[in-house]
Amino acid sequence: MMSPLKPDLLLVRFGEMMLKGKNRSRFEKKVVSQLRGVLAPFSQVKLVTEYGRVYIRLSDAPAEDVGKAVSKVFGIETYSPVYTAPSDSEAIQAVAVALMKKVVKRPQTFKVEVKRVDKSFPFDTLEMNRIVGGAVLRACPELSVDVRSPETTLRVELREKGALLFVETFEGAGGYPLGTNGKAVLLLSGGIDSPVAGWQAMRRGLELEAVHFHSFPYTSERAKEKVIELARKLSAYSGGSIKLHLVSFTEVQTSIYAAYKDNLLVTILRRAMYRIAETIAEREKALALVTGESLGQVASQTLPSLNAIGRAVSLPVLQPLIATDKKEIIRMAEQIDTYTLSIQPYEDCCTLFLPPSPSTNPNLRVIEAIERGLPQLDEWILRAAQEAETVVVTPEDQAEEDAYF
Ligand code: ATP
Ligand code: MG
């Protein structure tokens, strides 16, 4: 029996936005270097830039695993497994038939679209369309031709070195290449929203460092581990590593609580968090904070609350999820594989010492007066930022993840 047909290449396509203007070559270089990073575990694959396109030569590497790695690189719109054939009509027909048999699983309509780049090829485009289409129809009687709106299109490119055939196109991560829009600091909690916000920010070309606040020993070591695991998921999209700053919020929190425990407490604590994150951002030369807030979701996310909290810092606060429904956020969390981690129960530093009814309409002047009554606040904030523990988190070992047990 013939061994099953395997693709020889993956054809990688960039986003349309990227192809225009003066950024093109910078963006392209960035994507190629990101690709090299995610492909490092597949020692046999090779990146080939040819005819102005980027191909991954698979050399027997499993196409699905390589595709999974490719889908972690921002700036890639789609990719297709490509099957090659010698520049010979018979050989092309054989690959076309095997390919259609492999990917088409039910009766449906198709068409063949031939592109003849090699002008010396003995048959012209129309003839080759007919020859290849005829061969497929003879071999797969359950298929029929529909040239106007086919369910499947078999593309055949006739090039000097040989023919390229492909049918399937998969979605890439899209967006802009990592880091092409600068660096920001993500406030990463153990919840559902902030990992998704981080992913969206990275997808817009931001390089991220993450900051997490814990209240050890009030919060457990496990809660911290969970955040490290979330950062690990993000690191796969982040060029293979992400810096995570673990900040002890305990002193700030208990000191504020000792002086004030009324309904503006949440707002005051959040302002302190933002200021600590801003101090770290400035030290790391990041130009914005990124958070997972969504307008109206909870008391601290009403517009008056966001206003009172946002004014604690002067760096812009980016909130990619501000107008996103929870359902949609959950869908994205599932897509980037953070959801099951996020819904594991854990203690959050913010749920400690909560006032019975946090204000939904905090008054900035009152808040500022309370903060003026805490002359050591600046000191606590600076110390928390300075004493942050920084870890570099990398994606989990693929072999371990895929292990059978
Ligand atoms: P999430 O699901 O991201 O925790 P949330 O809906 O629970 O969001 P809040 O708890 O009000 O919202 O937090 C709003 C944002 O503040 C979070 O999205 C996150 O960016 C940041 N944040 C909250 N708690 C922490 C924490 N312990 N460490 C770092 N950032 C935090
Ligand atoms: Mg939360």
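Order of listing sets the numbers, starting from 1, for every ligand and every atom in it.
- Checking Glu209 against His245 by side-chain atom types alone, a donor-acceptor pair falls below 3.5 Å.
- Taking Phe170 as the reference, Tyr79 meet the ring pair (Phe, Tyr, Trp, His ring centres under 6.0 Å) condition, with sequence neighbours excluded.
- Side-chain contact annotation: Glu168 with Ser80, donor-acceptor N/O pair under 3.5 Å absent.
- Less than 4.0 angstrom separates some heavy atom of Val211 from each of these atoms of ligand 1: 29 (C).
- For Thr78 and Arg13, the side-chain atoms include at least one donor-acceptor pair closer than 3.5 Å.
- Taking each of His212, Lys326, Arg270, Gln319 in turn, the one with a heavy atom nearest to atom 10 (O) of ligand 1 proves to be Arg270.
- The shortest N or O to N or O distance between Phe213 and ligand 1 is below 3.5 Å.
- Between Pro195 and ligand 1, not a single N/O pair is under 3.5 Å apart.
- When all heavy atoms are compared, the tightest approach of Lys224 to Glu389 is NZ-OE1, 3.4 Å.
- For the residues Leu188, Ile192, Leu230, the heavy atom positioned nearest atom 29 (C) of ligand 1 is part of Leu188.
- Under a 4.0 Å criterion applied to the non-hydrogen atoms of Thr291, ligand 1 contributes the atoms 20 (O).
- The contact set between ligand 1 and Gly292, taken as ligand atoms under 4.0 Å from a residue heavy atom, comprises 17 (C), 18 (O), 20 (O).
- Listed by atom number, the atoms of ligand 1 under 4.0 Å from Gly191 heavy atoms are 1 (P), 2 (O), 4 (O).
- At a heavy-atom cutoff of 4.0 Å, ligand 1 is contacted by no atom of Leu186, backbone or side chain.
- Looking at Gln301 against ligand 1, only its side chain comes within 4.0 Å, counting heavy atoms.
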Decide yes or no on ring-ring contact (aromatic ring centres under 6.0 Å, His included) for Tyr237 and Phe74, but give the supporting numbers first.
CA-CA 8 Å; Tyr237 294 92; Phe74 294 119; 5.7 Å; yes
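- Ligand 1 has an N or O atom lying under 3.5 Å from an N or O atom of Ser189, backbone or side chain.
- Sorted by first and then second residue, the salt bridge (Lys or Arg N to Asp or Glu O under 4.0 Å) pairs with a member in residues 189-208 read Asp193-Lys326; sequence neighbours excluded.
- For Ser235 and Ser238, the side-chain atoms include no donor-acceptor pair closer than 3.5 Å.
- Note on ligand 1: His214 sits outside its first shell, no heavy atom being nearer than 4.0 Å.
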